[in-house]
Amino acid sequence: MFGLRKFNAPVLRPAAPFIVGGVTVFFLVAKAQSAMIDSEEFRNDPRNPALAAGKKAH
């Protein structure tokens, strides 16, 4: 009577577009962040996390 029951409710198929969209947005934001960190304006900024990681400043 109690416990886990099996219901044939689709979970992954309706959520697939949202999962793909989330992964796409994650990678695009990460790519934009990397591009901004390496930009000319912020390359030698002391707040730049790339300088703390040991990347060579230009």
Side-chain angles (χ1 to χ4, degrees):
M1 180 146 190
F2 297 106
L4 297 176
R5 296 182 181 150
K6 182 178 177 186
F7 293 103
N8 292 330
V11 175
L12 189 58
R13 189 174 298 247
F18 299 101
I19 294 169
V20 171
V23 169
T24 304
V25 168
F26 177 80
F27 281 114
L28 289 176
V29 168
K31 192 169 187 160
Q33 181 181 4
S34 296
M36 284 187 272
I37 284 175
D38 292 335
S39 70
E40 192 67 35
E41 184 179 354
F42 296 108
R43 187 169 288 159
N44 295 321
D45 192 351
R47 297 173 293 174
N48 190 341
L51 292 176
K55 275 190 174 180
K56 186 177 179 182
H58 292 99

Trainee: Atom CD in Q33, atom CG in D38: separation rounded to 0.5 Å?
Mentor: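 One gets 10.5 Å once the value is rounded to the nearest 0.5 Å.
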
Trainee: Quick check on the hydrophobic clustering: are F26 and V23 connected, directly or via other members, by side-chain heavy-atom contacts under 4.5 Å?
Mentor: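 Yes, F26 connects to V23 through the hydrophobic network.
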
Trainee: Rounded to the nearest 0.5 Å, what's the gap from CD1 on I19 to OG1 on T24? Could you check?
Mentor: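 So the CD1 of I19 and the OG1 of T24 are separated by 11.5 Å.
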
